[in-house]
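Take a look at the structure set out below.
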Amino acid sequence: MDQVHVDGGFVHPRAQAGSHVFVGRQGILDATGSVHGYEFLYRAGRQNSLRVDTWPAPAQDRATLRVLQALFTPTGVRSLAADAHVFVNFTRSFLVGDLPVPDEPERLVIEVVESVRTDAAVLAGVRRLRERGFRIAIDDFVGLTSQVALLPYADYVKVDCRDLFARGPALATLAASTGARLVAERIETAAELEACRALGFRLFQGFHLDTTLVLNRTPVPSLRTERPALRIVDAPRQRPGTAADTVRLAAL
């Protein structure tokens, strides 16, 4: 396994980080509006929307490696997420042990992406990760057989509210059947938020609640510190069905 740890940070040669490192961050809020966690996603420069799930598996692996490398720096993840949980999309390669996972089980929530097809190797890998203390989330749950097989190991189940409204309350019932915490995704309006609450969701994510920030995590050498610079590329709220947001660069 070709991983490298430098001064407590997560570094991997296959990340191919290049000269610039960006990640997208969106809050996951509880019923009171407090931040429960943040989802971090791969971003390429100022682009605020990428269809990473449609990329070939090796490219998806590299995207996840780059996100992990941007988050788990020698200075720690606290500068990006304070004390909140950190949700990151994971591909099959990480689940079965072909690629390393940062040893941060108290912070990192492993989101199993919808493209993962559950088999014996995936189930065994998820069990090992849970035994190490990691929390598991099922992303974009729609009740697929491979997703249902993961439910006994899930701490969170994330459901796109568009799928929820199309399929009805039975989808929420199935998602909650093993006791996982439900997260409603892509909430764009107050009405959608209230409808998801009525169906038993207690965690919420979407542009109605929190815009996605694109964070520039490119290290900037300094005489005082080697801490990576944190710049924000802020995106205005996106309405359903529109093109990717226009973004602007702002210094903290």
| task | Group every Ile, Leu, Val, Met, Phe, Trp and Tyr by side-chain heavy-atom contacts under 4.5 Å, then state whether V122 and I136 land in the same group. | result | yes
| Checking R25 side chain against T212 main chain: does a donor-acceptor pair fall under 3.5 Å? | no
| query | Roughly how far, to the nearest 0.5 Å, is CD of Q205 from CG of L29? | reply | 8.5 Å
For residues 174-184, which side-chain donor-acceptor pairs fall under 3.5 Å, sequence neighbours excluded?
from: S177; atom 1: OG; to: L174; atom 2: O; distance (Å): 2.7
from: T178; atom 1: OG1; to: L151; atom 2: O; distance (Å): 2.9

| note | With sequence neighbours left out, the residues meeting side chain to side chain donor-acceptor pair (under 3.5 Å) with R127 are Y153
| note | Between V86 and A81, the two heavy atoms sitting closest are CG2-CB, 3.8 Å
| Quick one: are D140 and V113 in side-chain contact, heavy atoms under 4.5 Å? | no
| message | Determine whether F40 and L80 satisfy the following criterion, side-chain contact (heavy atoms from CB on, under 4.5 Å), listing intermediate values before the conclusion. | response | CA-CA 10 Å; F40 288 89; L80 283 173; 4.0 Å; yes
| message | Please determine whether side-chain contact (heavy atoms from CB on, under 4.5 Å) holds for the pair V77 and L108, giving the CA-CA distance in whole Å, both sets of side-chain angles, and the decisive distance to 0.1 Å. | response | CA-CA 10 Å; V77 73; L108 180 59; over 6 Å; no
| query | Is there side-chain contact between F90 and L129, with heavy atoms separated by less than 4.5 Å? | reply | no
| note | Closest heavy-atom pair, V23 versus R43, reported as atoms and distance to 0.1 Å, is C-CG, 4.1 Å
| message | On a heavy-atom basis, which atom in E188 and which in E192 lie closest, and how many Å separate them? | response | N-OE1, 2.7 Å
| field | Residue pairs, two or more places apart or on separate chains, that pass salt bridge (Lys or Arg N to Asp or Glu O under 4.0 Å) and touch residues 151-161 | value | E39-K158, E111-K158, R130-D155, K158-E185, D160-R162, D160-R186
| request: Could you state whether V116 and L150 fall into the same hydrophobic cluster, counting links through intermediate Ile, Leu, Val, Met, Phe, Trp or Tyr residues with side-chain heavy atoms under 4.5 angstrom apart? | output: yes
| query | Nearest 0.5 Å, what's the CG-OH distance between L65 and Y42? | reply | 11.5 Å
| task | Not counting sequence neighbours, which residues clear side chain to side chain donor-acceptor pair (under 3.5 Å) with Q147? List them please. | result | none
| task | Can you sort out the partners of F141 under ring-ring contact (aromatic ring centres under 6.0 Å, His included), two or more places apart, ordered by chain and number? | result | none
| request: Check D61 against S93 and note the closest heavy-atom contact, atom names and distance. | output: OD2-OG, 2.9 Å
| field | Within 45° cone and under 6.0 Å: R197 NZ/CZ vs F204 ring | value | yes
| message | Suppose clustering is done on Ile, Leu, Val, Met, Phe, Trp and Tyr with side-chain heavy atoms closer than 4.5 Å. Which residues sit in the same group as V142? | response | L144
| task | Report whether V67 and V101 are members of the same hydrophobic cluster (ILVMFWY, side-chain heavy atoms less than 4.5 Å apart, transitive linking). | result | yes
| said: Quick one, L209 with I28, criterion side-chain contact (heavy atoms from CB on, under 4.5 Å). Give me CA distance, side-chain angles, the key distance, then yes/no. | reply: CA-CA 9 Å; L209 303 165; I28 299 170; over 6 Å; no
| field | Pairing residues for R107 by the salt bridge (Lys or Arg N to Asp or Glu O under 4.0 Å) criterion, not counting sequence neighbours | value | none
| said: Tell me every residue that passes ring-ring contact (aromatic ring centres under 6.0 Å, His included) with Y38, counting only those two or more places apart in sequence or in another chain. | reply: none
| query | Which residue pairs satisfy the ring pair (Phe, Tyr, Trp, His ring centres under 6.0 Å) criterion with at least one member in residues 108-135, sequence neighbours excluded? | reply | none
| task | Please report the shortest heavy-atom distance between V148 and G143, naming the atom on each side. | result | CG2-O, 3.7 Å
| request: Check whether any side-chain N or O of T173 sits under 3.5 Å from a backbone N or O of P169 as a donor-acceptor pair, and report yes or no. | output: yes
| request: Go through the structure and list residues passing side chain to side chain donor-acceptor pair (under 3.5 Å) with T145, not counting sequence neighbours. | output: none
| query | Roughly how far, to the nearest 0.5 Å, is the CZ atom of F201 from the CG atom of L164? | reply | 4.5 Å
| task | Compare every heavy atom of T118 with every heavy atom of A149, then report the nearest pair and how far apart it is. | result | CB-CG2, 4.0 Å
| Rounded to the nearest 0.5 Å, what separation is found between the CG atom of L123 and the CZ atom of R128? | 10.5 Å
| query | Excluding sequence neighbours, so at least two apart, what forms side chain to side chain donor-acceptor pair (under 3.5 Å) with H85? | reply | none
| said: Under 4.5 Å between side-chain heavy atoms, counting indirect links through other Ile/Leu/Val/Met/Phe/Trp/Tyr residues: same cluster for V157 and L171 or not? | reply: yes
| request: Tell me whether L71 is reachable from L99 by hopping between hydrophobic residues (I, L, V, M, F, W, Y) whose side-chain heavy atoms are closer than 4.5 Å. | output: yes
| query | Do S146 side-chain atoms and R117 backbone N/O form a donor-acceptor pair below 3.5 Å? | reply | no
| remark: Applying salt bridge (Lys or Arg N to Asp or Glu O under 4.0 Å) to D119 and not counting sequence neighbours gives R92
| said: For the CZ atom of F87 and the CD atom of Q26, what is their distance to the nearest 0.5 Å? | reply: 12.0 Å
| How many angstroms lie between CD1 in I110 and CD1 in I138, if you round to the nearest 0.5 Å? | 13.0 Å
